[in-house]
Every structure is written in structure tokens, then in C-alpha cells.
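What follows is a set of notes on a single structure, which appears directly below.
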Amino acid sequence: MTRTNGAAAQMLEEFAELLALSGGEPFKVRAYERAARAVEGWATDVTEMDERDLDAIPGVGTHLAAKIVEFVRTGTVEELDELRAVIPAGLRDLLDVPGLGPKRARQVYEALGVASRADLLDALHRHRLRDLPGWGARSEAALARSVEEAHRAGERIRLDLALALAEELLAGLRAEPAVERCEYAGSLRRMAPTVGDVDLLAASADPDAVMAAFVGLPGVGRVLVRGETKTSVVTTRGVQVDLRVVEPSVYGAALVYFTGSRAHNIHLREIAVREGRSLSEYGLVEVATGRVLAARTEDDVYAAFGLPWIPPTLREDLGEIEAGLAGTLPRVLRAADLRGDLHTHTTLSDGVSSLEEMVAAARALGYRYLAVTDHGPRLFPGVTLEGVLDQRERLRRLGAHGSMTLLHGTEVDVAPDGSLDWPDEVLAGFDVVVAGVHTALRQSREAMTARIVRALEHPAVGVLAHPSARALGRRGPVDADWDEVLAVAARTGTALEVNAAPDRLDLDGPLVRRAVEAGCRLAVSSDAHAASQLDRIRVGAATAQRGWARREDVVTAWPVDRLRRFLARPRG
DNA sequence: GCCGTTTTCGGCCCGACTGTTTTCAGTCG
């Protein structure tokens, strides 16, 4: 995990905020913000980079490279400490209040001495803001409301919940005759592990009718913004949803704009500017003539840049534009490439569906194979060898008819010392052994790395399950030397899982990318504990895409014969 | 502060919305 990169990015973001609050040059502020995003998304850990390596990151120049080196070496940056000394810490918190930006935060600080959230509440209570230049009773009231609700800001929603919400709202919109088409965009379409809000896009010649239908949908609470082309609401559960409506003739350009990360969009627009063009949600336009060059479809827009259509999951400005221009963008894994699942549970351990139900569900999905991998006895003492052998026998009978291959497996726990639960001779009897770290997650980097490496080197282990062991919203990844782990996995040929459980999505995109570059094999699996959860493997495929995984890299996309040979190969 | 097929200066993405303004500033995405 690039946790040092995350810390460096936070440092640069703080720099940007303090510069903005001190009235710094806006373009300088933007440079820091851009560098923060670039560092955060960069695959190599900044602790392993010197100033020249850092300078090679797009958006990072000599000055910021030096600051990052200083930060890595000393844990802080002198110039940043100086800014901290001048600007009250509480002032930064004010920027988290929606609608209050650096200019006005600075204004209320200088005019009224407001230097914290508490100060702001007090000033609002006394109606001291309405008389400031540029303020009025309405803007004061809007800010007061925003402060009250600000505790929700920054809260992110799990991808699966956001998807469900989006689908529900889209179904409601599609019932409105004025809607020609609509879909979700934004970080949801990029399949980010969590999203801050839900972005919807609709094509219609009658935006008013669409907006009216939207604000009337069940579950829609307060309306934040209501314009001709953009409406923002908060659902009754507190999720912000933005709807944009455009003419059908520019739907493709709008979809490009509302799907790409900000960095991806800015990158495209900078290319356009250099070529005498301008890109917006209304199309790619030749500036000199005003002629629209592309707008109807995403394909048209990307083609006008000399680019192939870029999958939404890649639109993060992490090199996809450069690769597209160079013709080296990989053909990434698609959900339809996946032929089965190597990680599922039944009622033998902690699943809620029976073996028979899981097999029937996999058949219904058209799978070529299914592995059943209930937990071993260390996590579930009720699981006995007798029960496992009985399950194996039932599985063999179920597999005797039908074209789907059934694999008998187990998910074993990797103990703090790297040992596994089940003796080696029992492990050797499984078609597939999935090994995962579940407890003692706070080991030192050295101990955790050695623990994982030992599991990877076990001859019976075919897949390392949820390698980082993160739980979204609850705990971060374990601390391990990922370069070492990836090198060992590549050498032993042990597949690294892309676990599609919505609170895991582990490996995540950035680590998938490093794993692919290290030459590792991947296994996209559902970790389903119920028959209805098998299909979440689609989100796993999207997560693998975010790491630029190709079909070739993913063993769960291979033909069954090749997969079986892969699993049968001893490792170590 | 970054960047370069208009390269070492002089630019830097684009538009919607709100509230305050008679033409725009601030914020957001």
C-alpha cells in the first residue's frame, strides 16, 4: 500500500490549503493540489524515489520534489511549518464547510476574527456575517444551514450501496417520458471503492420536466441546487445526488466530462487548448471557427483526440491518456471474461446458502467452474475434517452431471507465524487452497511480510486471499513490504486475489497495478457468503481494471483446463 | 509551482449556480 504516498499527498494538500488561506497565487495553489493527486496515485512508493524520480511524476517539479524528499527524510517540511505558525489550525477546518472557500474563510477571519468552527457558529448566531462586503441575509442563512449539515461532508459511501441507490433513481428517471437516456457517471462509473456523491446524467430535450421528475422521486429529500441543467439533492439517507441534463446531441461529450476524474478532464482540456480547441460538456470545439468536432458519443470525443475509447475505470489520469496516444493502452479485463469463482462459502462455515444452492446459482450464471472454499477450523472450530470430506463427496456427486467443473477448496487462516490451519497432507487433498490473513493485523512490517511470504511459499497455496486485509470504513491495510510480497508471489506463481466483497475490494486498483507490473497472477473472486452475492464479482472485475489488469493476468478468466494446471502446480 | 511540436516566459480547463451584484465574485465539480 502506498501509505507514504498518501501521507505525502496530505502534506501537499495541507500546503495548498494554507497557501490558499493566506491569499497565495491561485495557480500555485492548483500546482500543489495537482501534485498531491499525482503523488497519491503514483504506483511507486515515494520513500524509494530520489528527487529526479519524483520530478518525473507529471505535476511534480524540482521544487515540490525537494519538499517531498524533505518530508520523507524528516517527517515535515520547514516551509510548511512556517505557514502553520501564521495560519490558525481551525481555519483549515472551515474549508470543510460546503460553500465556504478560502477567500471567504480568510475574509471572516480577518474581519471578524473567526478562526474555528466554533467561532463561525458564534458569528452566525450573532448575524455578524450579513453585513460583510459581498454577503447578505440569504448567504448567511445558507452558510448556517451548511454548517449544521457539515458533519456529513467528507463521509464516503460504499460502492455497492451507491450503485444500488443510483440504479433505483435511474429506474425512476427512465419512467419519465422526457428522458431519452440516462446513466450514472462520476466516481461511481469509474467504480471507485467508495464515492462521495452520486452523479447522474440524462439526455433530454425538456430539462424542466426531467428536473421536476427527479426532485419528486421517492427517497429524494432536500433540494440543494435547482437550475436548468443541474440539480443537486440530498436523499433522505443523507447521500448527495447531482443530476445533469443535456441535449441528446452532446450526450457523449457530457458523459466524458462527468465520468473522468478532474485530473483526467483537465489533461484532455489542456491537450485541446494546445491544438486550438476547447473541450467542455457540450463538445470538442475548434476555437477559430466555433465548429463542433465531436460531441455525440464518447467514441467520437476520444477519437477526435487520436485516442481509443478509454474504459471509465481507467480515467484517473494515471497514464491512460499517454498510453492511449502511444497506442499502448492495454485491453483490460472485462467482467464477461471471468469464467468462474475461486472463493465462495457455504453453510459448512459461515455462508448462508447451502452447497446445492451455491452450485445452482453458479450454473444459472453460466459459470464454467466454481470453487467452494469454506473456512478452516482455526476461524470456525465447528468445521471438522469429517465435515469437509463429506462436503467433498457431495460436491463430486453434484459435479458428475452438467458441464460446470466443481472444485473443492478451503480458505485457510494464515497464523501470525505464517502457518496454516490443516496439516499439509489435508491441504494437499484440496483442488484449491485460498490463504488469508484474518487476525493479528497490527504486526510490524517485518513480521507481516515474513508471515505473508511464508504463506505464498507453501506448496499447496494457490491464492492469497484479500492480501491487504483492509475493511473499508473500519480499518486500513496491514503494513507489509509490498514490493517483497509481489516479488515472491511472482516467483512462486501464487495468485493474488482481487476480492470483490464490497467492504474489501482487495487488492485495490493501485496494488493491482503494481502486481501486474511485477508479473503476478491475479484471481478475481466474489468471497460470496450467499448465492445472491456471486454476481458482485463484476465489481471485482472493475477493481482489476482500475489496476490495468489484462485477461491474461487473471487466472479466473482462463479456460478451466489451464486454470486446473495452474492450481495443481506445486509452489515454493 | 508546473510546463513546453507557440519551450525557459507566460500562460495555466470550463461551465453551472447562487447571491450579491447592475456585470461579477466565490464556490463547486
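Atoms considered below: every heavy atom in the structure, side chains included; atoms not considered: hydrogens, waters and symmetry mates. Proteins get letters first, then strands, A, B, ... in listed order; numbering begins at 1 in each.
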If you restrict it to nitrogen or oxygen atoms, what contacts under 3.5 Å exist between nucleotides 12-15 of chain B and the protein, and what is each distance?
| from | atom 1 | to | atom 2 | distance (Å) |
| --- | --- | --- | --- | --- |
| B:dC13 | OP1 | A:Arg30 | NH2 | 2.5 |
| B:dC13 | OP2 | A:Glu270 | OE2 | 3.1 |
| B:dC13 | O2 | A:Arg269 | NH1 | 2.4 |
| B:dC14 | OP1 | A:Ser278 | OG | 3.3 |
| B:dC14 | O4' | A:Arg269 | NH1 | 2.5 |
| B:dC14 | O2 | A:Arg269 | NH1 | 3.4 |

When the nearest nucleotide of DNA chain B is assigned to A:Glu140 and to A:Val225 on a heavy-atom basis, which residue is associated with the more 5' position? A:Val225
Could you check A:Arg226 against A:Lys67 and say which one's nearest nucleotide on DNA chain B is further toward the 5' end? A:Lys67
Sugar-phosphate, base or nothing in reach of [X], heavy atoms under 4.0 Å:
X: A:Pro58; answer: sugar-phosphate
X: A:Leu100; answer: sugar-phosphate
X: A:Ala254; answer: nothing

Would a distance-only check, ignoring hydrogens and angles, find a side-chain to backbone donor-acceptor pair under 3.5 Å from A:Arg546 to A:Pro510? no
Within the distance-only criterion (no hydrogens, no angle test), does the side chain of A:Arg445 pair as donor or acceptor with the backbone N or O of A:Asp481 below 3.5 angstrom? no
Calculate the interatomic distance between [X] atom [atom1] and [N] atom [atom2]; express it in whole Å.
X: A:Gln107; N: B:dG19; atom1: CD; atom2: C1'; result: 13 Å
X: A:Glu33; N: B:dG29; atom1: CD; atom2: C1'; result: 12 Å
X: A:Arg106; N: B:dG26; atom1: CZ; atom2: P; result: 11 Å
X: A:Leu143; N: B:dT18; atom1: CG; atom2: P; result: 16 Å
X: A:Leu132; N: B:dG19; atom1: CG; atom2: P; result: 17 Å
X: A:Arg274; N: B:dC2; atom1: CZ; atom2: P; result: 17 Å
X: A:Asp197; N: B:dA16; atom1: CG; atom2: P; result: 18 Å
X: A:Leu94; N: B:dG26; atom1: CG; atom2: C1'; result: 16 Å

Between the side chains of A:Lys230 and A:Glu281, is the shortest nitrogen-to-carboxylate-oxygen separation below 4.0 Å, so that they form an ion pair? no
Other residues, nucleotides and ligands only: do more than 12 of their heavy atoms fall within 6.0 Å of [atom1] on [X]?
X: A:Glu517; atom1: CD; answer: yes
X: A:Arg334; atom1: CZ; answer: no
X: A:Arg84; atom1: CZ; answer: yes

Say we look at [N] and [M]: how far apart would their [atom1] atoms be, to the nearest angstrom?
N: B:dT23; M: B:dC9; atom1: P; value: 39 Å
N: B:dC12; M: B:dT18; atom1: P; value: 28 Å
N: B:dG10; M: B:dG15; atom1: C1'; value: 24 Å
N: B:dG4; M: B:dC13; atom1: P; value: 13 Å
N: B:dC17; M: B:dC2; atom1: P; value: 35 Å
N: B:dT7; M: B:dG26; atom1: P; value: 33 Å
N: B:dT20; M: B:dA25; atom1: C1'; value: 9 Å
N: B:dT21; M: B:dA16; atom1: P; value: 24 Å

For A:Ser139 and B:dT20, is the shortest distance between a side-chain N/O and OP1 or OP2 below 4.0 Å? yes
Would one find a side-chain N or O of A:Arg104 under 4.0 angstrom from OP1 or OP2 of B:dG26? no
Distance only, no hydrogens: is a donor on one side chain within 3.5 Å (strictly under) of an acceptor on the other, for A:Thr47 and A:Asp45? yes
Assess the residue pair A:Asp483 and A:Arg514 against the criterion (salt bridge (charged side-chain N to carboxylate O under 4.0 Å, His left out)); give the C-alpha distance rounded to whole Å, side-chain angles, the decisive distance to 0.1 Å, and a yes or no. CA-CA 8 Å; A:Asp483 286 328; A:Arg514 288 171 67 182; 3.0 Å; yes
Is there a Watson-Crick or G-U wobble partner for B:dG10 with both distances under 3.5 Å, and if so, which one is it? B:dC3
Sorted by chain and residue number, the side chain to side chain contact (heavy atoms under 4.5 Å, CB included) partners of A:Glu17 (sequence neighbours excluded) come out as A:Arg92, A:Leu95
